[in-house]
Asker: 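Quick one: the structure is below, questions incoming.
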Amino acid sequence: MITEPKLAVIITCFNYENFVGRAIQSVLDQGSDACEIVVIDDGSTDRSWSMIQQSGVPAFRIPNGGQRAACLYGLAKTRAPFLLFLDADDELLPGALARILPALDTNVAKLQFCLTCIDSGGAVLADPYPALDAFRGQDRVVNDILRSGVYRTPPTSGNVFRRDVCELLHQCEYDQAVDGVILLAAPFMGDVVSLAESLGLYRVHGRNDSGLGRVPQAATFERDLQRFQSRLAHLRSLLRNWRPEVSLIEPEKTYYFQFLAFCAATLRGTRYGGRPFLHLIGSVLTEPRPLKWKVANALFVTATFLAPVRGAQALLAFRFSLRRRPVRQIVRARLGAGQC
């Protein structure tokens, strides 16, 4: 008998010849008959296609069109009701699918799990990212999105989506990334299953689209500001039909937007205004997070706002570093940079 696949893993690759073979093997090693795999080479100019062909898995080579186009191509080449878009520089950990598959049913719109951050050589850089609670439901995530425009969720490779959620990608001409509006729309389309354990590896090597682990750049934050506005606008248009009774926060009023704008201005060397700073502090205090988080972030934002430009930039560099450091190193970074 031929088993109908329950999950499709779509690996998209652009110039990741050093990593794509590992990504493919990490899926094959799961040994699951309920999983289909397809690899999409998004017009790589290195030896990625050769490495993909050596694996023997179903694969397609298309002209370079970006991550969303590659994922949509893979969507059309698979039939499973759930999909995991695995970046070619990431991997699944042994036993990941044995944990994921039993948690999927028709009422699940999205499943998420933690990822362990590693460097290009495979050395662990930090604790699993992000720290997730274990739960299943809709309301808590929907409420977070309506109030703050975001919720705690991993990068692309840490998410499984129901196929009808992924179909929304056809509407996202404004966005090249795949983990955009579907992350926000999924909780309105069904349950979110959140797993607290790490089931994959997120490789940090300097070319990640998220910028995680790199020295922060103003242009990255400015790009993310535009993406955030476009994604919330798209979600708002969807909610007019799905949930016309709900009220979605305006992006400019969210902590996320204001913090990105604060970071972009700081990295540009522009002094952030007093009134926007007070609005930012207000958004920190009203964010649906624990008190400990609010206090820590209010103190960080205040210290960064009061610091000289180079000191503020050093604090942001530390904030977005993956490696944990003791408090004395934060103080040293703050004082040392302030003297430059």
Side-chain angles (χ1 to χ4, degrees), residues 5-12 27 32 34-36 67-68 71-72 74-75 78-87 90 92-93 96-115 128-172 175 177-200 202 210 227-228 231-232 234-236 238-239 241-243 246 248 256 288:
K6 187 174 184 179
L7 173 70
V9 178
I10 299 174
I11 300 177
T12 58
V27 181
S32 174
C35 174
E36 59 178 328
Q67 184 189 42
R68 184 181 71 95
C71 287
L72 283 172
L75 188 67
T78 56
R79 63 187 190 278
F82 290 93
L83 300 104
L84 191 163
F85 299 111
L86 182 66
D87 287 339
D90 297 338
L92 294 181
L93 285 170
L97 294 190
R99 180 70 177 90
I100 292 169
L101 290 168
L104 300 175
D105 59 57
T106 56
N107 293 321
V108 175
K110 180 199 158 184
L111 178 146
Q112 61 183 26
F113 53 87
C114 304
L115 298 170
Y129 170 82
L132 296 173
D133 295 331
F135 67 88
R136 173 172 177 161
Q138 270 186 287
D139 291 347
R140 64 179 287 181
V141 181
V142 164
N143 289 337
D144 282 350
I145 295 171
L146 293 177
R147 290 176 58 187
S148 60
V150 295
Y151 64 100
R152 187 174 290 270
T153 183
T156 308
S157 299
N159 298 284
V160 174
F161 297 98
R162 201 172 59 209
R163 180 170 288 270
D164 60 326
V165 178
C166 298
E167 294 293 344
L168 292 174
L169 291 172
H170 289 285
Q171 304 175 18
C172 300
D175 200 342
V178 69
D179 54 351
V181 78
I182 60 173
L183 287 176
L184 299 174
F188 294 92
M189 300 176 70
D191 285 348
V192 173
V193 174
S194 182
L195 305 178
E197 63 262 48
S198 177
L199 299 179
Y202 181 82
S210 65
R227 280 182 173 179
F228 182 59
R231 290 166 180 174
L232 279 198
H234 188 178
L235 178 63
R236 195 181 309 279
L238 294 172
L239 292 180
N241 295 320
W242 296 348
R243 300 277 296 273
V246 303
L248 176 65
Y256 182 76

Asker: Checking side chain to side chain contact (heavy atoms under 4.5 Å, CB included) against Val193, which of Leu111, Val160, Leu104 comes through?
Answerer: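 That would be Leu111.
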Asker: Which value, rounded to the nearest 0.5 Å, describes the distance between Cys172 atom SG and Arg227 atom CZ?
Answerer: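 Between Cys172 SG and Arg227 CZ, I get 11.5 Å after rounding to 0.5 Å.
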Asker: Provide the closest heavy-atom pair for Leu238 versus Ala185 in the form atom of the first, atom of the second, distance.
Answerer: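 Reported closest heavy-atom pair: CD1-CB, 4.3 Å.
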Asker: Mind listing the closest non-hydrogen atom pair of Arg79 and Glu36 along with its distance?
Answerer: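 Shortest heavy-atom separation between Arg79 and Glu36 comes out as N-OE2, 2.8 Å.
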Asker: What distance do Phe113 atom CZ and Leu93 atom CG have between them, rounded to the nearest 0.5 Å?
Answerer: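 Phe113 atom CZ to Leu93 atom CG measures 8.5 Å (nearest 0.5 Å).
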Asker: At their closest point, which heavy atom of Arg231 faces which heavy atom of Ala177, and how far apart are they?
Answerer: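 Closest approach of Arg231 to Ala177: NH2-CB, 3.6 Å.
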Asker: Could you tell me whether Asp175 and Arg68 have a side-chain N and a carboxylate O separated by less than 4.0 Å?
Answerer: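 So Asp175 does not pair with Arg68 through a salt bridge.
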Asker: Show your working on side-chain contact (heavy atoms from CB on, under 4.5 Å) between Lys110 and Leu183 and close with a plain yes or no.
Answerer: CA-CA 8 Å; Lys110 180 199 158 184; Leu183 287 176; 3.7 Å; yes
Asker: Does Phe188 have any ring-ring contact (aromatic ring centres under 6.0 Å, His included) partners at least two apart in sequence or in another chain, and if so, which?
Answerer: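 Partners of Phe188 by the ring-ring contact (aromatic ring centres under 6.0 Å, His included) criterion come out as none, since no residue qualifies.
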Asker: Going from CZ on Arg99 to CG on Leu199, what distance comes out if it is rounded to the nearest 0.5 angstrom?
Answerer: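 Answer rounded to 0.5 Å: 7.0 Å.
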Asker: Carefully, step by step, assess Asp87 and Gln67 under the rule side-chain hydrogen bond (donor to acceptor under 3.5 Å, both in side chains).
Answerer: CA-CA 9 Å; Asp87 287 339; Gln67 184 189 42; 3.2 Å; yes
Asker: Quick check for you: to the nearest 0.5 Å, what is the distance between Asp191 atom CG and Thr106 atom OG1?
Answerer: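 It comes to 10.0 Å.
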Asker: Might you work through the side-chain contact (heavy atoms from CB on, under 4.5 Å) test for His170 and Leu72, ending with a clear yes or no?
Answerer: CA-CA 8 Å; His170 289 285; Leu72 283 172; 3.7 Å; yes
Asker: Measure the CG-OH distance between Asp90 and Tyr202 for me, rounded to the nearest 0.5 Å.
Answerer: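 Output value for this atom pair is 7.0 Å.
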Asker: If we only count heavy atoms from C-beta on, is the Pro288 to Asn143 side-chain gap below 4.5 Å?
Answerer: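 When only atoms from C-beta onward are counted, Asn143 and Pro288 do not touch, as no gap falls below 4.5 Å.
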Asker: Only counting residues at least two apart or in another chain, list the ones meeting side-chain contact (heavy atoms from CB on, under 4.5 Å) with Arg140.
Answerer: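 Only Asp133, Phe135 meet the side-chain contact (heavy atoms from CB on, under 4.5 Å) criterion with Arg140.
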Asker: Where do Pro154 and Asn159 come nearest, in terms of heavy atoms and distance?
Answerer: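 Looking at all heavy atoms of both residues, the shortest contact is O-ND2, 3.2 Å.
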Asker: Counting C-beta onward and ignoring hydrogens, is there a side-chain heavy-atom pair between Thr12 and Val178 closer than 4.5 Å?
Answerer: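 No. Closest side-chain heavy atoms not under 4.5 Å.
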Asker: Please name the pair of heavy atoms, one in Pro5 and one in Cys35, separated by the smallest distance, quoted to 0.1 Å.
Answerer: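 Closest approach of Pro5 to Cys35, heavy atoms only: CB-C, 4.4 Å.
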Asker: Could you tell me which non-hydrogen atom of Gln112 sits nearest to which non-hydrogen atom of Thr153, and how far apart they are?
Answerer: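 Closest approach of Gln112 to Thr153, heavy atoms only: OE1-OG1, 3.4 Å.
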Asker: The test is side-chain contact (heavy atoms from CB on, under 4.5 Å); show your working for Asn107 and Gln138 and say whether it passes.
Answerer: CA-CA 10 Å; Asn107 293 321; Gln138 270 186 287; over 6 Å; no
Asker: Output, in order, the C-alpha distance, side-chain angles, deciding distance and verdict of side-chain contact (heavy atoms from CB on, under 4.5 Å) for Leu168 and Met189.
Answerer: CA-CA 11 Å; Leu168 292 174; Met189 300 176 70; 3.9 Å; yes
Asker: Can you measure from CG (Leu184) to CD1 (Ile145) and round to the nearest 0.5 angstrom?
Answerer: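 Leu184 atom CG to Ile145 atom CD1 measures 5.0 Å (nearest 0.5 Å).
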Asker: Please identify each residue that fulfils side chain to side chain donor-acceptor pair (under 3.5 Å) with Thr78, with sequence neighbours left out.
Answerer: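 In terms of side chain to side chain donor-acceptor pair (under 3.5 Å), with neighbours along the sequence ignored, Thr78 is linked to Arg163.
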